[in-house]
There are 2 protein chains.
Amino acid sequence: MSVQQSGRRERKKAATRQKIADTALRLFLERGYDAVGIRDVAAEADVAVTTLFSHFASKEALVFEQDEDFERRLTQAVTDRAPQEPLVPALRREILALVRHCTADSAAPIWHMIDASPALRKYDDSIRLRHADALAQAIAADPALGRSETAARTIARFVIDAYSLAREAPDPEAALDEIFPMIDAAWEAAGAPRHT
Amino acid sequence: MSVQQSGRRERKKAATRQKIADTALRLFLERGYDAVGIRDVAAEADVAVTTLFSHFASKEALVFEQDEDFERRLTQAVTDRAPQEPLVPALRREILALVRHCTADSAAPIWHMIDASPALRKYDDSIRLRHADALAQAIAADPALGRSETAARTIARFVIDAYSLAREAPDPEAALDEIFPMIDAAWEAAGAPRHT
DNA sequence: TTATTTAAAGCTATCCGTTAGTGTTACGGT
DNA sequence: ACCGTAACACTAACGGATAGCTTTAAATAA
């Protein structure tokens, strides 16, 4: 039961996963998401359909492969911020970085594809909501903030809203400039139940 | 082209639709959403599967039959409010009524079923987002409010968040008491670009 | 080394939601 | 009475996803 980190097995598994993801994204961008079937992806990646689904939970998940650290980055923006740095600006910085990342030219075709597919949009929405839950937990867990759990959940949602609103806005950074003062005001209005 | 409201045809169509919805909801509550297939519902309602799908766009839509006026009620809360009544309290009243409606004992089993099914939760989330778009339009269309389109979209999202957060909270009304002051602060912070 | 265990991948067959194609019935307008 | 068409039915299939079982090959024990 030695803890071999880089056995051949795990490398091969990771390679298979990567090959599937790469193939899928390539085919999706070439022919369109709806025009490519799971069987096409599996055949082109030279794996069985069951293997594909042992690596990815659904067809949509193939597209959001890279997006995995979104949740981690947001929660770390809360937990790893400088001592006594206020919450909202820290979150704003991270959201700005994330929005820039997904509106960059390199990511544009992918997000264009997502926006064009109802199934992908729906999937994106639902993972964002799960991210909001994680963010809410991180906020609620910080005793220095001293807000109720409801306030934490609420602000977490608002921050996720900021991300998706900015992503869809014609000028994402200007949208954030407008939304975050609103979030800040909401956060202040939530008050600190006990701060003596 | 007379506007016959109660032709036999339309009555029969409505009856068929109602029978399908009733049958579906009954079977779902009896045996569980996942344990009942579309073919089961169609057989029990004595219609063809294709007929079922000509009345409802998806299996999930069968569950949200009643919930159709959600969007209309919210947008009307904006457009039909008393002259010069501020926006946020009007929205708060309506959200409170909607939350009470869906947390009432009669609706409890349905919402329990929804919360238990990932597919239904996802569907619910996505229709709420579409409702937010409609609400944003209603807000942006009111010249008396004088907020930017981004601010309108943002507040609309926040209001929808309030609904779903309250619905899931242990004490929904207390949650609204906490969330709406935050929304109000956000709305005030958005300011009125031109009000002279 | 050889043997054993176990994780990864494969194959087959199928379920289930959903849709296309094609009729058939019966209501409504003329 | 006639015709157009809306509602519904039937068959067949498509595409995503899964269950059950076998095969391959890496890790570990002997």
Side-chain angles (χ1 to χ4, degrees), chain A residues 1-25 27-28 31-65 117-123 126, chain B residues 1-21 23-25 27-28 31-65 113 117-123 126:
Chain A
M1 201 196 262
S2 67
V3 197
Q4 272 292 92
Q5 284 299 1
S6 62
R8 186 168 303 164
R9 216 176 221 174
E10 298 173 20
R11 270 184 292 117
K12 284 202 173 182
K13 181 174 182 177
T16 301
R17 180 189 173 90
Q18 197 59 43
K19 185 173 186 184
I20 294 170
D22 291 347
T23 304
L25 203 55
L27 292 185
F28 290 160
R31 309 182 203 164
Y33 180 74
D34 289 325
V36 178
I38 285 291
R39 291 161 176 92
D40 299 328
V41 176
E44 184 86 5
D46 198 31
V47 295
V49 171
T50 48
T51 300
L52 188 157
F53 278 111
S54 78
H55 284 278
F56 299 92
S58 66
K59 185 186 180 184
E60 295 92 55
L62 286 166
V63 174
F64 292 91
E65 236 283 274
S117 161
L120 288 176
R121 291 181 63 95
K122 236 167 120 165
Y123 185 85
S126 85
Chain B
M1 202 195 261
S2 68
V3 196
Q4 269 295 88
Q5 285 299 0
S6 63
R8 188 168 302 164
R9 217 174 220 175
E10 298 172 19
R11 269 185 291 117
K12 285 201 173 180
K13 180 174 181 176
T16 301
R17 181 189 172 89
Q18 197 59 43
K19 185 173 186 184
I20 294 170
T23 305
L25 203 55
L27 291 185
F28 289 159
R31 308 182 204 162
Y33 181 75
D34 289 325
V36 177
I38 285 290
R39 291 161 178 89
D40 299 328
V41 176
E44 185 87 4
D46 198 31
V47 295
V49 171
T50 48
T51 300
L52 188 155
F53 277 110
S54 78
H55 286 276
F56 299 92
S58 66
K59 184 184 182 185
E60 295 93 52
L62 287 165
V63 174
F64 292 91
E65 236 283 273
M113 176 178 78
S117 159
L120 288 176
R121 292 181 62 97
K122 236 167 120 161
Y123 184 85
S126 85

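All chains are named by letter (A, B, ...) in the order of the sequence lines, taking the proteins before the strands, and each is independently numbered beginning at 1.
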How close or far is atom P of C:dC16 from atom CZ of B:F28, stated in whole angstroms? 13 Å
Rounded distance (nearest 0.5 Å) linking atom CG of A:D22 with atom CG of A:L62: 11.0 Å
Interface with DNA chain D, restricted to residues 51-59 of chain A and to heavy atoms under 4.0 Å: A:F53, A:S58, A:K59
Whole-Å distance between D:dA26 C1' and A:K12 NZ? 8 Å
Atom CD of A:E10 and atom C1' of D:dA25 are separated, to the nearest Å, by 15 Å
Measure the OG1-CZ distance between B:T16 and B:R11 for me, rounded to the nearest 0.5 Å. 12.0 Å
Please give me every residue in residues 32-47 of chain A whose heavy atoms get under 4.0 Å of an atom in DNA chain C, ordered by residue number. A:D46, A:V47
Residue-phosphate contact under 4.0 Å: B:T16 side-chain N/O, D:dA7 OP1/OP2: no
DNA chain C: 5'-proximal contact among A:A48 and B:E60 (nearest heavy atom): A:A48
Suppose the criterion is ring-ring contact (aromatic ring centres under 6.0 Å, His included): which pairs have a residue in residues 33-58 of chain A, not counting sequence neighbours? A:F28-A:Y33
Answer yes or no: side-chain N or O of A:T50 and base N or O of C:dC11 forming a donor-acceptor pair under 3.5 Å. yes
How would you list all residue pairs meeting salt bridge (Lys or Arg N to Asp or Glu O under 4.0 Å) that involve residues 53-62 of chain B, not counting sequence neighbours? none
Taking CZ from A:R8 and P from C:dA9, how many angstroms apart are they, rounded to a whole number? 15 Å
By side-chain contact (heavy atoms from CB on, under 4.5 Å), which residues pair with B:T50, not counting sequence neighbours? B:A48
Spacing of B:L25 atom CG and B:M113 atom CE [to the nearest 0.5 Å]: 5.5 Å
Nearest whole Å is fine: how far is C:dG17 P from B:L120 CG? 12 Å
Listed pairs under 3.5 Å, donor-acceptor, residues 39-47 of chain B side chains, sequence neighbours left out:
{"residue": "B:D40", "atom": "OD2", "partner": "B:G37", "partner atom": "N", "Å": "2.9"}
{"residue": "B:E44", "atom": "OE2", "partner": "B:R26", "partner atom": "NH2", "Å": "3.1"}

Could you state the interatomic distance from CZ (B:R17) to CG (B:L52), rounded to the nearest 0.5 Å? 10.5 Å
Please enumerate all protein N or O atoms sitting under 3.5 Å from an N or O of nucleotides 3-7 of chain C, with distances to 0.1 Å.
{"residue": "C:dT6", "atom": "O2", "partner": "A:R9", "partner atom": "NH2", "Å": "2.8"}
{"residue": "C:dA7", "atom": "O4'", "partner": "A:R9", "partner atom": "NH1", "Å": "3.1"}
{"residue": "C:dA7", "atom": "N3", "partner": "A:R9", "partner atom": "NH2", "Å": "3.4"}

Under the salt bridge (charged side-chain N to carboxylate O under 4.0 Å, His left out) test, residues paired with B:R121 that sit two or more places apart: B:D115, B:E168
Can you tell me how far C1' of C:dT18 sits from CG of B:L62, to the nearest Å? 13 Å
